[in-house]
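Data block below; observations after.
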Amino acid sequence: MEFNDSTVNCAANIIWTDAQGQSIRKVTHKIATLKLVRNDLREMFIEVSTEKTKPIKLKLSSIAVHKKFMNEGKASIMFNNEKCTLFISNAPPGNLLLFLKTVFIKISGEKAIDPAVMQKKIRAHMLSGVPTKFEEISPISNTDLLRTKKLLGVSKASVTTPSPQKNRKRKMEDDVQKLPAPKKLSTAFLGEESATLNEEQNEVFQSCLKGHNVFFTGSAGTGKSFMLKKIISALPPEGTVAVASTGVAACLIGGVTLHAFAGIGDGEASLKRCYELASRPVISQAWRKCKRLIIDEISMVDGEYFDKIEAVARYIRRNDKPFGGIQLILCGDFLQLPPVTKSIQRNQPLSSAREKRFCFQSDSWNNSIGMSYELKIVHRQKDEQFVKMLNLLRIGLVNEDITKRLLATSIQQIESNGILATQLCSHTNDANSINESCLQKLEAASKVFHAEDSDIGSVKQLDSQVPAPGRLELKIGAQVMLLKNVNVSNGLVNGARGIVIGFHATYPSGEDITYKMKIEESDKKCCLDYYNK
Ligand SMILES: Nc1ncnc2c1ncn2[C@@H]1O[C@H](COP(=O)(O)OP(=O)(O)OP(=O)(O)O)[C@@H](O)[C@H]1O
């Protein structure tokens, strides 16, 4: 495990209230450490400590946890007996998740003690005159986990091993329409994805946490995106800016594009003009607040643009260190997608392209990037021969053996249960026109679904950056793919393929619009209900 699951560093506010709910005392710490501790009587507490103040211990009994904004590093814990609430903010989200998970598991697994027995114990302890000792709670053990699952009636199989039982799957004939129930605190915690970093990934991870300027690369499937998410969730949200060179990549890491953050347009303007552009209040404030800049798909960032934003960072932050002292965490594979430079857009020959095409060729790269790592272990594929072949293809080595093997795959079955094999295209427009023509060939009536965007002002941006289209045309028999994880244990995951097999009867006049989709996952079918709300 990468975090200590019984400690978290964050900002902490504690507010005590009277019987009427009026605030009577408040403690505010911008930098605090929360630790789970036990006393001699095995009662559990959250200890809130800082470097300068005396620790405050809050007893973990009769609590309510609000964790809706946990992904932003925020949560609150109401201590009903102590009549106070602990507000947590700026916590590394991954760390906060593990901390709250530990609280939950330790509390749920605790055997209820008869109050009379407890009273006796407390009395005996007080009379003994021995000062109360506190010790840090031990990490979650398998026994803790099993005991909690048993108490909650959760099956032993973890959600990370999707093996749905037949009778628990929804039948296609089942027409009872229900919106997914909100996740309960318990199941949400117990079902979290818990894949751990391997040794090479952990080295990069530790280097990032130590504040080094890091670049990490690796072939497809070595876990670059996986790592990036782990890194983002391990850093305090305040001052951490996650961006990517493309909208889609930015969307996947929950960030914005580098261009939107940097605020200098396409970087073609003179340096003086770039300084002016970046001096606009919102942009300059973002640059000044940034302590760690994470850039995904760095291979697509143009070398000259990289030099420009480095100069802008120094100028705006009035700091002569590379990137104005911002920690850089860069990730990408230069053997995948190159930058889209103007000369290439205009179909000019490569030889006339600008000299600093890749950002690793820029001066700023040499001055700022201290540690470079290459991830070598491929996690996406298990077939070693296939991985070897992909690694050779990556560097343009297509030998006779590879050619023979690839050609041999042409006789493989490319349709399974009505679901066609994916056809890869180098350009989105090509993929769109193939999809369009396949949809037109289907004889069934088409149904059109329009996105209901709550923020009308962002529709254009959403349409360009979100993989789901604003207007979706479907027909019975259409090939479809899920774009987000809906129900992992039922195989309804991002990328799951299927075909539309029906629409809900109330369409188009009814309130709910539903389509059913059968998906192919280990030769099993299941349905998905899709609502327009
Ligand atoms: N340490 C790990 N343990 C288990 N699974 C892992 C680990 N690292 C990565 N994976 C899984 O391997 C798969 C590929 O990872 P990921 O998509 O992050 O690779 P990538 O290097 O970003 O690939 P690409 O260059 O194609 O974008 C994912 O399903 C990810 O969850």
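Read the numbers this way: they start at 1 and go in the same order the structure lists the ligands and their atoms.
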Query raised in the report: Quick one: does Met227 get a heavy atom under 4.0 Å from ligand 1?
Result: no

Query - With sequence neighbours excluded, residues passing side-chain contact (heavy atoms from CB on, under 4.5 Å) with Ser225 - result: none

Query - Pair Glu384 + Lys388: basic N to acidic O under 4.0 Å - result: no

Query raised in the report: Who's the nearest protein heavy-atom neighbour of atom 20 (P) of ligand 1, and how far?
Result: Lys224 N, 3.4 Å

Query raised in the report: What atoms of ligand 1 come within less than 4.0 Å of a heavy atom belonging to Ser219?
Result: 21 (O)

Query - Protein contact to atom 15 (O) of ligand 1 [nearest heavy atom, distance to 0.1 Å] - result: Gly223 CA, 3.5 Å

Report task. Measure Thr196 to ligand 1 on non-hydrogen atoms and call it side chain, backbone, both or neither using the 4.0 Å cut-off. Result -> backbone

Report task. Distance to 0.1 Å, residue and atom name: give those for the protein heavy atom nearest to atom 17 (O) of ligand 1. Result -> Arg380 NH2, 3.0 Å

Requested in this report: Give me the one residue out of Tyr373, Trp365, Phe360 that meets ring-ring contact (aromatic ring centres under 6.0 Å, His included) with Phe215.
Outcome: Trp365

Query raised in the report: In terms of residue, atom name and distance, what is the protein heavy atom nearest to atom 31 (O) of ligand 1?
Result: Phe226 CD1, 3.7 Å

Query raised in the report: What protein heavy atom sits nearest atom 2 (C) of ligand 1, and how far off is it?
Result: His379 CE1, 3.4 Å

Query raised in the report: Strictly under 4.0 Å, does any heavy atom of Gly218 approach an atom of ligand 1?
Result: no

Query raised in the report: Who's the nearest protein heavy-atom neighbour of atom 4 (C) of ligand 1, and how far?
Result: Ala195 CB, 3.8 Å

Requested in this report: Consider ligand 1: state whether an atom of it lies below 4.0 angstrom from any non-hydrogen atom of Asp333.
Outcome: no

